[in-house]
Amino acid sequence: EAGVVQSPRYKIIEKKQPVAFWCNPISGHNTLYWYLQNLGQGPELLIRYENEEAVDDSQLPKDRFSAERLKGVDSTLKIQPAELGDSAVYLCASSPSSGGFDTQYFGPGTRLTVL
Amino acid sequence: DAKTTQPTSMDCAEGRAANLPCNHSTISGNEYVYWYRQIHSQGPQYIIHGLKNNETNEMASLIITEDRKSSTLILPHATLRDTAVYYCIVRDIQGAQKLVFGQGTRLTINP
């Protein structure tokens with residue numbers, strides 16, 4: 001079974017430029033998460049989707065970050081414009097549902113460097 | 001979710017048991033203890049979870065004290081591939097379905 005796929009794995013951009021990250025969750029997983037991981041820190045949740053619906057986006061900086069999950073499968077996270085402080089690893093995870101003991105499966109992440 | 005306290009780093013010799021402690025003194029009755037690990041340049045990986053009984057699976061054992069205020073993750077025969085950051089997380093199954101990661105323990109397995 002294929003795991004969570006993310007692309008690109010690495011991205012280098014200049015500040016004020018836009019950037020987008022793509023995530024393909026494990027087939028059949030209804031719940032999708034985007035996490036941000038700063039260097040030396042644990043991941044922090046940005047947004048959680050149940051199918052197409054964003055049910056927890058309280059930690060998403062909405063002035064510059066946006067996300068979508070059309071058709072309840074793939075998801076895209078966008079930053080526009082990027083700032084120096086956005087340099088981090090962006091992790092995508094999925095789980096069969098959000099309830100009970102469902103394990104979250106993580107992708108390898110996209111490492112963003114903003115110059 | 002309750003906060004956890006873990007040592008910043010630990011070392012263990014290859015082939016020996018690695019015992020990773022976690023303090024969660026403010027854990028409530030409906031919160032479970034979860035362990036994830038993150039190998040360099042990879043996403044976190046689920047290891048094990050438990051409520052109050054000791055648990056064992058193919059990866060590790062989880063020992064939770066009777067008062068549930070602390071737990072220990074045991075890797076019985078550590079290998080070099082177990083070098084990673086290990087996160088102890090307490091999670092309310094009934095509440096918000098997110099994992100709140102701390103800084104974890106950086107475990108280094110030495111040959």
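Below, chains carry the letters A, B, ... as their sequence lines are ordered, and counting in each starts from 1. Scope of the values below: all heavy atoms of this structure, side chains included, with no hydrogens, waters or symmetry mates.
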Enquirer: Please determine whether the number of non-hydrogen atoms from other residues, nucleotides or ligands lying under 6.0 Å from atom CG of A:L84 exceeds 12.
Expert: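 Counting neighbours around CG of A:L84, more than 12 heavy atoms of other residues, nucleotides or ligands fall under 6.0 Å, so yes.
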Enquirer: Is there a path of hydrophobic side-chain contacts, each under 4.5 Å between heavy atoms of I/L/V/M/F/W/Y residues, joining B:W35 to B:I109?
Expert: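 The answer is yes; both residues are in one hydrophobic cluster.
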Enquirer: Which distance, rounded to the nearest 0.5 Å, do you find between the OH of A:Y33 and the CG of B:L99?
Expert: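 Reported to 0.5 Å precision, the distance equals 7.0 Å.
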Enquirer: Do any N or O atoms from the side chain of B:Y34 and from the backbone of A:T103 form a donor-acceptor pair under 3.5 angstrom?
Expert: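 Pair absent, no side-chain N/O of B:Y34 close to backbone of A:T103.
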Enquirer: Residues of residues 105-115 of chain A under 4.5 Å from chain B (heavy atom pairs)?
Expert: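 Residues A:F106, A:G107, A:P108 are the ones that qualify, each having a heavy atom under 4.5 Å from chain B.
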Enquirer: Between A:W34 and A:I26, is there shared hydrophobic-cluster membership here, with clusters defined by ILVMFWY side-chain heavy atoms closer than 4.5 Å?
Expert: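 No, no single cluster joins them.
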Enquirer: Other residues, nucleotides and ligands only: do more than 12 of their heavy atoms fall within 6.0 Å of CZ on B:R16?
Expert: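 Open.
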Enquirer: If two hydrophobic side chains count as joined below 4.5 Å and joins carry through other members, does B:M59 share a cluster with B:I48?
Expert: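 Yes, B:M59 connects to B:I48 through the hydrophobic network.
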Enquirer: Is A:Y35 linked to B:V85 within one hydrophobic cluster, defined over Ile, Leu, Val, Met, Phe, Trp and Tyr using a side-chain heavy-atom separation of less than 4.5 Å?
Expert: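 In one cluster with A:Y35: B:V85, yes.
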Enquirer: Which distance, rounded to the nearest 0.5 Å, do you find between the CD of A:Q104 and the CD of B:Q45?
Expert: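 Reported to 0.5 Å precision, the distance equals 14.0 Å.
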Enquirer: Above 12 or not: heavy atoms from other molecules or residues under 6.0 Å from NZ of A:K62?
Expert: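 Check passes, neighbour count above 12.
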Enquirer: Search all heavy atoms of A:Q37 against all heavy atoms of B:Y87 and return the closest pair with its distance.
Expert: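 Here A:Q37 and B:Y87 meet closest at NE2-OH, 3.3 Å.
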Enquirer: List the atom of A:L91, the atom of B:P44, and the distance in Å for their closest heavy-atom pair.
Expert: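 Distance-wise, the nearest heavy atoms are CD1-CD, 4.0 Å.
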Enquirer: Taking a hydrophobic cluster as the set of Ile, Leu, Val, Met, Phe, Trp and Tyr residues connected by side-chain heavy atoms closer than 4.5 Å, whether directly or through intermediates, do A:L32 and A:F21 fall within one such cluster?
Expert: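 Same cluster: A:L32 reaches A:F21 through Ile, Leu, Val, Met, Phe, Trp or Tyr contacts under 4.5 Å.
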